[in-house]
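One structure is given here, and the rest of the page talks about it.
Basis for what follows: all heavy atoms, side chains included, without hydrogens, waters or symmetry-related copies.
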Amino acid sequence: MLEFTQLPAIAHDTIVFKHIDRVYMSRVLEKYIGLQNKQAFIAFDSTITYVGNAQNIIKDKTVLSLSDGNELFGSSWAKRSSATE
């Protein structure tokens, strides 16, 4: 879709990739990085389940990671703090 439109970028959330087999995710990511003058922004909930070159592409192309102490607004929304317990 991005190849055939004038849109300069596309953004995806993890749910878009839910039904793509983890083995084929490398091909999808390779297609995205091969696009000229286009950007793809992808939000992954977790990348640990991806295999092969997908892991390398994700690691190499990650610009922002909101985990492991880098959460937006300083804390994870999934974790309870002692103030809310």
Requested in this report: State which residues pass ring pair (Phe, Tyr, Trp, His ring centres under 6.0 Å) with Y24; sequence neighbours excluded, sorted by chain then number.
Outcome: none

Report task. Determine the minimum heavy-atom distance between G52 and S26, stating which atoms define it. Result -> C-OG, 4.2 Å

Query - Nearest heavy-atom neighbours spanning Q55 and Y50 - result: NE2-O, 3.0 Å

Requested in this report: Not counting sequence neighbours, which residues clear salt bridge (Lys or Arg N to Asp or Glu O under 4.0 Å) with K38? List them please.
Outcome: none

List the atom pairs, with distances to 0.1 Å, where a side-chain N or O of residues 57-64 and a protein N or O form a donor-acceptor pair under 3.5 Å, not counting sequence neighbours.
from : atom 1 : to  : atom 2 : distance (Å)
T62  : OG1    : I58 : O      : 2.4

Query raised in the report: Please, which pairs that meet salt bridge (charged side-chain N to carboxylate O under 4.0 Å, His left out) have at least one residue in residues 11-21, sequence neighbours excluded?
Result: none

Query raised in the report: Excluding sequence neighbours, so at least two apart, what forms side-chain contact (heavy atoms from CB on, under 4.5 Å) with A11?
Result: F41

Mind listing the side-chain donor-acceptor pairs of residues 28-36 below 3.5 Å, one per line with the distance, residues two or more places apart or on another chain?
from : atom 1 : to  : atom 2 : distance (Å)
E30  : OE2    : N53 : ND2    : 2.9
K31  : NZ     : E3  : OE1    : 3.2
Y32  : OH     : H12 : NE2    : 2.5

Report task. Answer yes or no: does atom CG of L7 have more than 12 heavy-atom neighbours from other residues, nucleotides or ligands under 6.0 Å? Result -> yes

Query raised in the report: Mind checking whether F17 and F44 have parallel, tilted or perpendicular rings, split at 30° and 60°?
Result: parallel

